[in-house]
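Below: one structure, written as structure tokens.
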Number of protein chains: 2
Amino acid sequence: MYTAGMSTPDRLIEATRELLWERGYVGMSPKAIQQHAGVGQGSMYHHFTGKPDLALTAIRRTADELREAADRVLDTPGSAYERISAYLLRERDVLRGCPVGRLTMDPDIIASDELREPVDETIAWLRGRLAGIVREGVDRGEFAPSLVPEEIAASVVATVQGGYVLARASGSTDAFDAGVRGLLSLLAPPA
Amino acid sequence: MYTAGMSTPDRLIEATRELLWERGYVGMSPKAIQQHAGVGQGSMYHHFTGKPDLALTAIRRTADELREAADRVLDTPGSAYERISAYLLRERDVLRGCPVGRLTMDPDIIASDELREPVDETIAWLRGRLAGIVREGVDRGEFAPSLVPEEIAASVVATVQGGYVLARASGSTDAFDAGVRGLLSLLAPPA
DNA sequence: GTCTATAGTTGGATAGAC
DNA sequence: GTCTATCCAACTATAGAC
């Protein structure tokens, strides 16, 4: 991670984001954060009250980035199918998993309403965003009127989140791609 | 957990299965295992070489159970859609997540080929099993011939695994159910 | 703001008595 | 087979000097 030129708090936040992604909250120690950030113990506890404080700040930043990245592919012209397809096919670090979704499997995150909140909010936002696009597709006659936008949106997000699981289990990105293609083949408007 | 009447190794294995499900590998300590099993330190290290040994045994048992449970709903008469539907709708402890899939988010599991192996094998088996059913559906004309069985199977498994993520993020099972219904609505043969 | 020192707790395991 | 004692490292801070 390139942290030169960053302020000490930023170096700590970036190190925490990396470690949360790589090892999760329970698998991440303050010492590891300090070492990755190249920052001493005293500095960390000067700028943050402790591990939960730093984690919350890091999670919020990651959540903001994820939203912006999703909006970049969703907020485009094109048919509903094209926009959903663009979301599903966007570049991802598949074997690392989702930096937000992975946190749902962390017991200490789930046990804390404060730490879970930005995770919940991000995924809820994404589901709503996709549901709106599906609804547009239905309204325009692009999708069958029987489709329930909120359900299709949940399927899309779940396919991505589950795709990470399949990929990490097998150690290959193939399973992720297969799941996405499967869903797209079901969603594809009749040619 | 009811462990009365079980042998000491079995009590340890069951306690480990619970803790792996609840807290993951990195979040589970030998001391916690002993306490949950009601077994002393000496006993644990007498029967198992350490935490990895015990975890491997526990994961294998959980994987076996998951396979049997899946086979019970898949190995039935009925159309391909009905069998896949039965799998997707089978009872689950949604907010606890998948006891096998959750392990893919555990860094120490993924870092160890030995611990990852039963996880990989179980999910690969499930994908293959579902792909076979989809293939039958295609062969019988129940599904569109354009569907790729392996891809649909991956979508089905991913929807379930991702459904757990959505549910745990929101703290409610609703999102899981929505994802499943969405996928089923896309998969449903024309009425 | 940053550093080093200190401290109590837990993690993960070994040794040896019984 | 099980128990207690012991061990060293790591975890998660706090204290106080600079």
Side-chain angles (χ1 to χ4, degrees), chain A residues 1 3-59 103 105-112 114-115, chain B residues 1 3-59 103 105-116:
Chain A
M1 179 183 16
T3 52
M6 291 175 48
S7 69
T8 295
D10 272 350
R11 292 163 71 97
L12 285 163
I13 293 165
E14 290 305 308
T16 303
R17 300 210 305 144
E18 283 291 315
L19 284 166
L20 277 176
W21 196 0
E22 203 67 41
R23 302 206 32 92
Y25 184 85
V26 304
M28 171 188 75
S29 71
K31 179 181 286 194
I33 295 170
Q34 295 149 26
Q35 286 170 342
H36 278 248
V39 156
Q41 197 128 337
S43 294
M44 174 179 149
Y45 285 101
H46 174 75
H47 293 287
F48 298 92
T49 66
K51 177 174 157 173
D53 180 26
L54 192 37
L56 182 57
T57 306
I59 292 170
L103 300 173
M105 295 304 149
D106 210 302
D108 290 0
I109 300 276
I110 294 303
S112 157
E114 203 177 7
L115 291 175
Chain B
M1 180 184 17
T3 52
M6 291 175 47
S7 70
T8 295
D10 272 350
R11 293 163 70 97
L12 286 163
I13 293 165
E14 290 305 309
T16 304
R17 299 210 303 143
E18 283 289 316
L19 285 165
L20 277 175
W21 197 359
E22 204 66 42
R23 302 203 35 89
Y25 184 85
V26 303
M28 171 187 73
S29 72
K31 178 181 286 196
I33 294 170
Q34 295 149 24
Q35 287 171 341
H36 278 246
V39 156
Q41 196 130 337
S43 294
M44 174 179 148
Y45 285 102
H46 174 74
H47 294 288
F48 298 93
T49 66
K51 176 174 160 175
D53 180 25
L54 192 38
L56 181 57
T57 307
I59 292 170
L103 301 173
M105 295 304 149
D106 211 301
D108 290 0
I109 300 276
I110 293 304
S112 157
D113 284 343
E114 206 176 4
L115 291 175
R116 186 173 60 81

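Chain letters run A, B, ... following the sequence lines, proteins first and then strands; every chain starts at 1. The shown structure was predicted, so the numbers you read here are calculated from the model rather than taken from an experiment.
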Residues touching DNA chain C, which here means a heavy atom under 4.0 Å, drawn from residues 25-35 of chain A: none
Partners passing salt bridge (charged side-chain N to carboxylate O under 4.0 Å, His left out) against A:Asp10 (at least two apart in sequence or in another chain): A:Arg61
Sugar-phosphate only, base, or nothing, as touched by B:Gly42 at under 4.0 Å among non-hydrogen atoms: base
All side-chain contact (heavy atoms from CB on, under 4.5 Å) counterparts of A:Gln41, not counting sequence neighbours: A:Gln34, A:Tyr45
Terminal contacting nucleotides, 5' and 3', DNA chain D versus chain A (heavy atom, 4.0 Å): D:dC11 to D:dT14
Exercise: identify the closest heavy-atom pair between A:Met44 and A:Gly50: CE-C, 4.4 Å
Nearest non-hydrogen partners of B:Thr8 and B:Ser43, listed with the distance: CG2-CB, 4.1 Å
Pairwise side-chain contact, A:Lys31 with A:Gln35, heavy-atom cut-off 4.5 Å (strictly under): yes
Which donor-acceptor pairs under 3.5 Å do side chains of residues 109-116 of chain B form with protein atoms, sequence neighbours excluded?
from     : atom 1 : to       : atom 2 : distance (Å)
B:Ser112 : OG     : B:Glu114 : N      : 3.4
B:Ser112 : OG     : B:Leu115 : N      : 3.0
B:Arg116 : NH1    : A:Ala169 : O      : 2.9

Rounded distance in Å - CG (B:Asp53) to P (C:dG12): 15 Å
side-chain contact (heavy atoms from CB on, under 4.5 Å) partners for B:Arg23, two or more places apart: A:Val26, A:Pro107, A:Asp108
Name of the residue among A:Leu20, A:Ile59, A:Thr49, A:Ile33 meeting side-chain contact (heavy atoms from CB on, under 4.5 Å) with A:Leu54: A:Ile33
